[in-house]
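Here's the structure we're looking at; comments come further down.
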Amino acid sequence: VRLRRIDLPQGTLDLLILRTVSLEPQHGWAIAERVQQMSSDVLCIQQGSLYPALHRLEHRGWIKARWGTSENGRRAKYYELTKAGQKQLAEEQETWAKLTAAVASVLGTS
Amino acid sequence: MLNDLYLRLRSLFRRARVDAELDDELQFHVEHQVGKYMRSGMTREEATRRVHLDFGGVQRIAEDCREARGITLVTTLGRDLHYALRMFGRTPGFTAIIIFTLALGIGSATAVFSLFDQVLLRVLPVRNPQELVRIHWHGSFSGAMSAFGGDTGDYYSYPMYRDLRDQNSVFSGMLATMKTQMGVAWRDQAEDEDAEVVSGNYFQVLGLKPFLGRLFTTGDETTKNANAVVVLSFDYWRTRFGASRDVIGQTVAINGNPFAIVGVAPEDFHTAIGGFRPGLFVPLTMVEQAIPGTAPGNRLENHQNLWLTVVARLKPGVTARQAEASLLPLWRALRARDLTFYKKTSDSFKERFVAKSTIQVLDDSRGFSPKRMNLRMPLVILLGMAGLLMAMCTINVATLLLLRATARAREMSMRYALGARSYRIACQLMTEGGLLGLIGAVGGILLSPALAAVLVHLMMSSDPDSPAPYSSHLDPRVLVFAIALAFAVSVLFSVVPAVHYMRPDLVGAMRQSTGTASTRAQTFRKAAVGVQIALSVLLLGMAGLFVRTLDHMRSQPLGFDPRQMVTFYLDPANSGYGESSSSTIVMRSLDALSHLPGADLAAATTDPELDGDEEWNGFTIQGHTFREGESSDFESPFITPGYFSTLKQSLLVGRDFTLADAHGAPKVAIVNVSFAKRFYGSAQNAIGRVIGSGDKPDTSIVGVVAVVKHENLRTDMGPGVYQPYLQMEHPSGVQIYIHATQDPETVMRSIREALHRLDPALVVDGLRTMEAQVDINAADERTLAILAFGFAVIAALLAAVGLYGVLAYSTQSRTREIGVRLALGAPRFTLLGMVVAEMGWIAGVATLLALPCIVAIARVFRSQLYGVHTLDPLTLVAAVALTAVVALLAAALPAYRAISVDPTKALRCE
């Protein structure tokens, strides 16, 4: 069965990135891969928007970056969640849960 | 917060490092993705291609990342500035033209505004100037008046001033002042100085503190001749008294009378009269010493002698309208009292004098100034011209920038193709424009004091004896104006190329190396050139009207001959002479002067020719009853024998005065032909008729002379009565005229010496040739003509530059087309026609639009013109012809290029 890939709804990219790096520090490519895997290939991060988003989140202080060595021995930039990022993630998860529940109930009653 | 700052600073100062890291990060991603695709079975080439398709432009992502870090504004600005400077360096000539154009436009607009601000906008440097008002009255009047401009309604008698001041309930204070000149002797040096005769409360009402000593109080305005004190202006104290603090308490001789110096006025204060720079202030109770013998009657007691200007300070919270309403009953009561001083009056005169008389309370925060009224129109015209010039500069720079932007079409398209966003390109263009505007503004601000100095000099040439009351220095207000102007203009001219490149024709531009312009840009360029040509025709036309006015003024017959004539003012009263000895010293001076080497005739009058003043007296005419409303006041000079032969003014009938026509002899008069025709029908008929000054006819007319231009070059003297100076009851100062048989300059050098031999105290004032006096009288017209012409020439040059730019560009971009036509056998002449036709069409439309504008605008300032119709064909033709010549010159080079295109080269260069 060929799945149709869905472009990310506005505002969810930050949430997905925060969630992904909350598991363990990751570099950019791995973050994109991980999101695609975890969503069973449904969600696809546009590569052109991934890096600006990472830099934006870093600038806001929700994630921080450090240079490490990747599995194939190359220098790579790893992102990890900060304290502020954890708080932000919790808030966004809650908002997201409320939103989806609300949307679901509206769709369910119609 | 700290982390944020660290990131920002790192991004700012270690941009290279941060950019390298970013590249590294993106490269890492690309490699991983390629690896992933290869694992799924693609070849390396396929995988790499796929990744780049997925990714979009790497540069663009890098740009977005930088932006996400929030530092781009500063860094991109820095980069844009750097790039802009490099662009300027690559095209120095082009950049210099733009900067020069801007500096010229901003500089001249700033200079004109500086003058405009000082003359028309600036308030007096006193406490709460917005509370100051001037009271203007309307109603009939008969009596004497000493004015320095404005009309009767601006002047008051001393009793009227005093009663208004003491009985009103709306003013917290009310001062009176009169502008005059006084002979000041200090340490054996005598000179005439501008001065003010003021009420005791003058400085109190204005709210001023002394710089030194004390200022006047109401205690300095007690009784006639009792207040021999003087306050010096700061500037006069510094220049004439060497800024010595010891002068307080010392005595200075004013018109030969001792006055004690009591204080020095504050540094920035000059006067309550706008645009005047008096050196001294004297209490008005001292008017007999301060202004000796100039008007009959006692100025302090006479209700029919108007000489004071009044400035009042409104009580807080009182509006001008409320003050008017409250003052009117008081005013009419005082007028009713004044009426009792008139001996015989008609009922309608009484009604107009009291019941119909009204007052107006007018804003006076900038000081009463007839000079300002005279300068208003010329300054408005100048500001308008400077505005038009600035508009032309802006259009010109916009056109030039657009041309350059077009030449950079390939560069821009390349940047788009590499992923630059249109707003980034717009930013780049705006930065370039802003930088040009900034440099232009600096240039303009540096240039404007010099231009303002020229303006001040030209504006003041009508009053060469007084120090210029206006400064050419830039004050903060004017600086703000210059900067705001530069900013507005920069935005305007940068927007044009920026908008042009918001949506470029990428493919087209990349394909054709010539970079064809979009039709939109081409239309803008044509319109811009059209507007510039129109403005240039407009300014040339206006300049033409002013030049014609000046020419007409200077070449018209005056009724006398100003050539070979030297003139100056001599007032014996300023050197301590009384009424009885004044005429003796005047006659002795004339005798000495007529015997100077190189001079043959000398004569004097109390009513100088062409100095902007009139002197009127009331007359009775035997056999003529004046109708109600008919004026019995006529121009009334008192002259010495030989006056008409000295000035070469024609004596039509009868005889000149002789030395025998003196006190005790029968009173005689000579009238001008205008007077003779009006009352006796002809010059011949006037001889032997009897008139009189005052009520009794006791003066016989013995001669009739031609009419001259008297007050100024625009108007003939009306009916006038000349009387012998030797029969004058209160002899006053005289203007002396000396006819020279040699070079007038040589005569001028010996005059002071000759008078010094008679009496060292005599002051020679305003010594100049009569031709110089005529020039002074035409000074305002000449100033306007020179400035208008200057603006027009610059405008024509700007139009030429604009036209050249557009034609050069359009010819260049049609090189291929021209090449093809030539190759197909089109004669070069036709191609020349093609280029010229384009220009001719634009210029033609522009001129047709401009011509009616000239006539329309000329109607607005008709008051400034003289002897020339607003629809002056010569001016219009000359304006069009001059513009045509300039346009042809501008078109010559592009046209030459067009016809010298080598078809083989033009076709090969693709």
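Everything quoted here is computed from the prediction, not taken from an experiment. Reminder, nothing fancy here: chain letters follow the sequence lines and each chain counts from 1.
Contact annotation: the side chain of A:His27 approaches that of B:His32 to within less than 4.5 Å [non-hydrogen atoms, C-beta and beyond]. With contacts defined as side-chain heavy-atom distances shorter than 4.5 Å, the pair A:Lys77/B:Phe28 does not qualify. With contacts defined as side-chain heavy-atom distances shorter than 4.5 Å, the pair B:Glu25/A:Arg75 does not qualify. You'll find the side chain of B:His29 reaches within 4.5 Å of the side chain of A:Leu50, heavy atoms only. By the 4.5 Å heavy-atom criterion applied to side chains, B:Val30 and A:Trp29 are not counted as neighbours. Using a 4.5 Å cut-off on side-chain heavy atoms (C-beta onward), A:Trp67 and B:Glu21 make contact.
Annotation: B:Arg49, atom CZ; neighbour count of heavy atoms from other residues, nucleotides and ligands within 6.0 Å does not exceed 12. Atom CZ of B:Phe487 has 12 or fewer heavy atoms from other residues, nucleotides or ligands within 6.0 Å.
Residue A:Leu57 does not touch chain B at all, counting heavy-atom pairs closer than 4.5 Å. For A:Ser49, no part sits under 4.5 Å from any heavy atom of chain B, backbone or side chain.
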